[in-house]
Amino acid sequence: MIGWARRWAVAIVAILGLAGPVAALDIDNWASIVSEAKGETVYFNAWGGSANINAYIAWAGEQMKARYGINVVHVKLDDTAKAVASVLAEKSAGKDSAGTVDLIWINGENFAAMKRQGLLFGPDWATRLPNWVYVDHETKPTILTDFTVPTEGLESPWGGAKLVFFYDRARTPTAQLPTSAKGLLGWAKAHPGRFSYPQPPDFIGSSFLKQVLIELVDNRSKLLKPVDEATFQQDVAPLFAYLDQLTPLLWRKGKAYPQNYPDMKQKLADGELDIIFAFNPAEASAAIANGELPESVRSFVFSGGTLGNTHFVAIPYNANAAAGALLLADFLISPEAQLRKQDAQFWGDPTVLAMAKLSDADRAAFAALDLGVATLPPDQLGPALAEPHPDWMTRIEAEWNRRYGAAN
């Protein structure tokens, strides 16, 4: 009966010119979502560059299969923009239903682009998920605003992020560690070839550019708004003056760059790099536990703060398995899934849930987690620097490639 009703609703949607079959779903009738989703295959487009993250997504897929009869296929991406481009191409071709992307791991400029171009399922589905009641949207402003862009319930949070640096104390004395971007430049001058970052648009490499821009820009409030073309070159001049000095001091003198974070991690393990960084405070502990980094690796942050944000999942407007995508998004913010996600032996990604909203048993389970030998406790992670408006990232990536791209 539900399947027939949905086909009827889809026909009405098509007549009215609304946004595809997902508009026919009644999110507030969760039992109907569960029924509709059974047997669906959810194509979850998510970064595939980390073995532990891939394993976590596989586990989530197993849970969805066992509980709801849903198949989850992890479409491993090296750049989220590729999934966004696929949805845009489908919209341009008039494919407003039966899309090839059901769920996307997303934030920042990719979310802004999808929202701007009307590529997202909505309105306001995320705050109507059953497990939203546990989400800490009151004290974590990045859950409701993604890189300054209001989320408006168009994406559901599933993890926090904080830029953290790693070093091997067996090789690098703690007293020598830099405490700011300017300090890192001084460290690189004293230790040429021992630091690098992935080439943008890799999100880790781009995050490094944002960290430096935030620290050096004359007026940080400008970063909360789209780029002002009249002052852009002046605004980014301190960033590129910094990079002009840093580039010849990088690994291989900036003629080549690490492919991504896993490549940086391997280079730290092999002794090619002395300082690397990631967007997960528990990443080093997880790598130690998995035998990827030596026991002597530890974490540090800059004293003035490092970049912090929330990452999300979103559903394209023309998703073929929108009901299944809703169920998966809801499961990802369940206390069970968030507990496993924060556990360093599985991922170590900070939770988006509010401890005060959990049951006593769930709260105790989070409190009992071993964050890992190299993980800084929350009170030592320092201030979180707000992400710039997505417009800045698009522009500085393009400018970076023009100036320093490996082909140059």
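FYI, side chains are in, hydrogens and waters are out, and symmetry mates aren't considered; it's all heavy atoms of this structure. We count residues from 1, following the sequence as given. Nothing here was measured: the structure is a model prediction, and the numbers come from that model.
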With K341 as the cation and W158 as the aromatic partner, state whether NZ or CZ is under 6.0 Å from the six-membered ring centre and within 45° of the axis.
yes
State, yes or no, whether a side-chain contact exists between W30 and L327 at a heavy-atom distance under 4.5 Å.
yes
Taking A323's backbone N and O only, do any of them form a donor-acceptor pair with E36's side chain (distance below 3.5 Å, no angle check)?
no
Less than 4.0 angstrom from a charged side-chain N to a carboxylate O is my criterion; do K222 and D218 meet it?
no
Under 6.0 Å from the NZ atom of K357, do we count more than 12 heavy atoms belonging to anything else shown?
yes
Heavy atoms, side chains only, cut-off 4.5 Å: are Y197 and L209 in contact?
yes
Can you find a pair of side-chain heavy atoms, one from L119 and one from K91, that are under 4.5 Å apart?
yes
Are N131 and S334 close enough that a side-chain donor and a side-chain acceptor fall under 3.5 Å?
no
More than 12 foreign heavy atoms under 6.0 Å from OH of Y134: is that the case here?
no
NZ (K95) with more than 12 external heavy atoms under 6.0 Å
yes
Taking the side chain as every heavy atom from C-beta outward, state whether P238 and V217 have any atom pair closer than 4.5 Å.
no
Determine whether a donor-acceptor pair (N or O, by modelled atom type, separation under 3.5 Å) exists between the side chain of D102 and the backbone of Y43.
yes
Can you name the closest pair of heavy atoms from I288 and A374 and give their distance?
CD1-CB, 3.9 Å
Heavy-atom distance under 4.5 Å between the side chains of N107 and T80, does that happen here?
no
Do F165 and L177 come close enough that some side-chain heavy atom pair is under 4.5 Å?
no
Under a 3.5 Å cutoff, is there a donor and acceptor pairing between the side chains of S180 and E215?
no
With a 3.5 Å cut-off and no angle check, do the side chains of Q342 and D349 form a donor-acceptor pair?
no
Does a donor on one side chain and an acceptor on the other come within less than 3.5 Å for D391 and T394?
no
Just wondering, do F44 and L328 contact through their side chains at under 4.5 Å, heavy atoms?
yes
If we ignore hydrogens and angles and just use 3.5 Å, is the side chain of Q259 paired with the main-chain N or O of P198 as donor and acceptor?
no
State whether a side-chain donor-acceptor pair under 3.5 Å links E397 with N401.
no
Plane angle bin for W187 and H191 - parallel if under 30°, tilted between 30 and 60°, otherwise perpendicular
parallel
Does any donor atom in the side chain of T310 or K140 lie under 3.5 Å from an acceptor atom in the other side chain?
no
Assign the ring pair W59 / F331 to parallel, tilted or perpendicular, where the plane angle (0 to 90°) is split at 30° and 60°.
tilted
Quick one: are Y167 and S299 in side-chain contact, heavy atoms under 4.5 Å?
no
To the nearest 0.5 Å, what is the distance between CZ (R194) and CG (L250)?
12.5 Å
Using the six-membered ring wherever Trp is involved, compare the ring planes of F279 and F203 and label them parallel, tilted or perpendicular (cut-offs 30° and 60°).
parallel
Taking the cut-offs as 6.0 angstrom to the six-membered ring centre and 45 degrees off its axis, would you call R340 and Y56 a cation-pi pair?
no
For the residue pair Y404 and D244, confirm or rule out a side-chain donor-acceptor distance under 3.5 Å.
yes
